[in-house]
Amino acid sequence: MKFFQTFVILALASSHAFASDPSPLQDFCVAVNDPNSAVFVNGKFCKDPKLVMADDFVFTMFRSPGNTSNQLGSKVTTAFVDQFPGLNTLGIGTARLDFAPYGLNPPHIHHRGTEMLVVVEGTLYVGFVASNQLNNTLFTKVLIKGDVFVFPQGLIHFQLNVGQTNALAFAFLSSQNPGLITIANSVFGAKPPINVDVLTKAFQVDNKLINHLQAQSWFDNH
């Protein structure tokens with residue numbers, strides 16, 4: 001009997017020790033007491049299963065190339081839960097990446113998902129930077145058609161078309177809403193702007209350069 005009681009106590013203790021909160025699928029979730037002002041944790045309500053159709057599980061926006069006529073020469077077309085509702089609760093997302101010659105998908109972070117990239121056409125120079133704990137080590141590789149590369153969750157990474165022809169890749173992410181923080185946009189395109197004194201000190205440059213970067217309008221629309 002004592003053994004059974006001890007076993008039950010240990011089992012209950014273990015359930016609390018190993019329990020954890022679910023990973024958040026949004027940047028923040030402010031608690032409210034009024035249920036009329038609340039949404040589910042994943043930010044989406046579920047469609048009545050009796051009304052679900054095959055079309056709910058189809059995404060067709062990858063059929064056409066993305067428009068790469070912009071300052072970066074790239075276009076990312078995402079199929080996350082906002083664009084593809086059928087992904088809700090499934091823990092996966094995907095994207096099509098189109099590159100003009102020497103086009104760049106600039107340094108960015110997916111803070112809620114790991115990314116696996118598959119090159120379909122062209123040649124891409126890709127890489128990610130490890131954390132401060134690992135001395136900000138840069139891992140890079142030149143990929144060609146058929147190659148696969150993985151970017152760990154939450155680490156800064158990028159892709160650059162180093163060829164003279166268009167390039168195409170597809171990314172698969174371990175979240176229906178992996179999040180996106182484009183480094184330059186977040187630092188120099190923040191609204192309201194980050195105090196110039198903060199950025200001049202952080203980057204060890206003069207305020208003229210910071211003012212110039214903060215004035216770049218393309219940070220707002222890419």
* Asked: So, does Ser175 use its side chain to make a donor-acceptor pair with the main chain of Ile92 at under 3.5 Å?
  -> no
* Quick check: does any side chain N or O of Asn211 sit under 3.5 Å from a backbone N or O of Ala215, one acting as donor and the other as acceptor? -> no
* Tyr102 versus Val162, closest heavy-atom pair with distance -> CE2-O, 3.7 Å
* Please list, chain by chain and in numerical order, all residues satisfying side-chain hydrogen bond (donor to acceptor under 3.5 Å, both in side chains) with Ser69, sequence neighbours excluded. => Asn67
* Measure from the side-chain N and O atoms of His157 to the backbone N and O of Pro107, and report whether any donor-acceptor pair falls under 3.5 Å. => no
Please output the side-chain donor-acceptor pairs of residues 198-205 that fall under 3.5 Å, not counting sequence neighbours, one pair per line with the distance.
unit_1, atom_1, unit_2, atom_2, d
Thr200, OG1, Val196, O, 3.1
Thr200, OG1, Asp197, O, 3.1
Gln204, NE2, Lys201, O, 2.6

* Asked: Would you say Gln153's side chain and His111's backbone share a donor-acceptor pair under 3.5 angstrom?
  -> yes
* Structure fact -> Hits for side-chain contact (heavy atoms from CB on, under 4.5 Å) against Asp206, two or more places apart or cross-chain, chain-then-number order -> Lys208, Leu209
* Determine yes or no for a side-chain-to-main-chain donor-acceptor pair under 3.5 angstrom, with Gln176 supplying the side chain and Thr89 the backbone. => yes
* To do: Compare every heavy atom of Leu90 with every heavy atom of Gly86, then report the nearest pair and how far apart it is.
  => O-CD1, 3.3 Å
* Which pair of non-hydrogen atoms, one from Phe158 and one from Pro106, has the smallest distance, and what is that distance? -> CB-C, 4.2 Å
* **side-chain contact (heavy atoms from CB on, under 4.5 Å) partners for Pro101, two or more places apart** => Asn166
* Structure fact -> Shortest non-hydrogen pair, Ser174 vs Gly113, comes out as OG-CA, 3.5 Å
* **Linked, directly or transitively: Phe170 and Phe84 (ILVMFWY side chains, under 4.5 Å)** => yes
* Inter-residue atom distance Asp98.CG - Glu121.CD, 0.5 Å rounding -> 11.0 Å
* Asked: With a cutoff of under 4.5 Å between side-chain heavy atoms, which Ile, Leu, Val, Met, Phe, Trp and Tyr residues group with Val150?
  -> none
Could you tabulate the donor-acceptor pairs under 3.5 Å formed by side-chain atoms of residues 48-66, not counting sequence neighbours?
unit_1, atom_1, unit_2, atom_2, d
Asp48, OD1, Lys50, N, 3.0
Asp56, OD1, Lys47, NZ, 3.2
Asp56, OD2, Lys47, NZ, 3.0
Asp56, OD2, Met53, N, 2.8

* Other ILVMFWY residues reachable from Leu117 by side-chain steps of under 4.5 Å -> Val76, Leu97, Phe99, Val119, Leu124, Val126, Phe128, Phe139, Leu143, Phe149, Phe151, Leu155
* To do: Please check if atom CD1 in Ile144 has more than 12 non-hydrogen atoms from other residues, nucleotides or ligands closer than 6.0 Å.
  => no
* To do: For Ser131, enumerate each residue passing the side-chain contact (heavy atoms from CB on, under 4.5 Å) test, keeping only those at least two apart in sequence or located in another chain.
  => Gln133, Leu134
* To do: Would you kindly confirm whether Val120 and Leu160 end up in one hydrophobic cluster when ILVMFWY residues are joined by side chain heavy atoms under 4.5 Å apart?
  => no
* Asked: So, does His110 use its side chain to make a donor-acceptor pair with the main chain of Gly179 at under 3.5 Å?
  -> yes
* Roughly how far apart are Glu115 CD and Ile109 CD1, rounded to 0.5 Å? -> 12.5 Å
* Test side-chain contact (heavy atoms from CB on, under 4.5 Å) on Leu104 and Tyr125 and set out the steps. => CA-CA 9 Å; Leu104 170 71; Tyr125 169 70; over 6 Å; no
* Asked: Linking I/L/V/M/F/W/Y whenever any side-chain heavy atoms sit under 4.5 Å apart, do Ile194 and Ile156 land together?
  -> yes
* **Contacts of type side-chain hydrogen bond (donor to acceptor under 3.5 Å, both in side chains), residue Thr78, not counting sequence neighbours** => Gln83
* Do any N or O atoms from the side chain of Thr123 and from the backbone of Gly163 form a donor-acceptor pair under 3.5 angstrom? -> no
* **Point-to-point distance, once rounded to the nearest 0.5 Å, from CG of Asn177 to CG of Leu180** => 10.5 Å
* To do: To the nearest 0.5 Å, tell me how far His108 NE2 sits from Ser186 OG.
  => 11.5 Å
* Between Gln216 (side chain) and Gly189 (backbone), is there a donor-acceptor pair under 3.5 Å? -> no
* To do: Could you list the residues that satisfy side-chain hydrogen bond (donor to acceptor under 3.5 Å, both in side chains) with Gln159, not counting sequence neighbours?
  => Asn105
* Structure fact -> Sequence neighbours excluded, the answer for side-chain hydrogen bond (donor to acceptor under 3.5 Å, both in side chains) partners of Asp147 is none
* Under 3.5 Å, is there a donor-acceptor pair between the side chain of Thr182 and the main chain of Ala184? -> no
* Asked: Would you call Ile210 and Phe188 a side-chain contact if the rule is heavy atoms closer than 4.5 Å?
  -> yes
* **Side-chain hydrophobic cluster, 4.5 Å single linkage: members besides Phe80** => Leu173
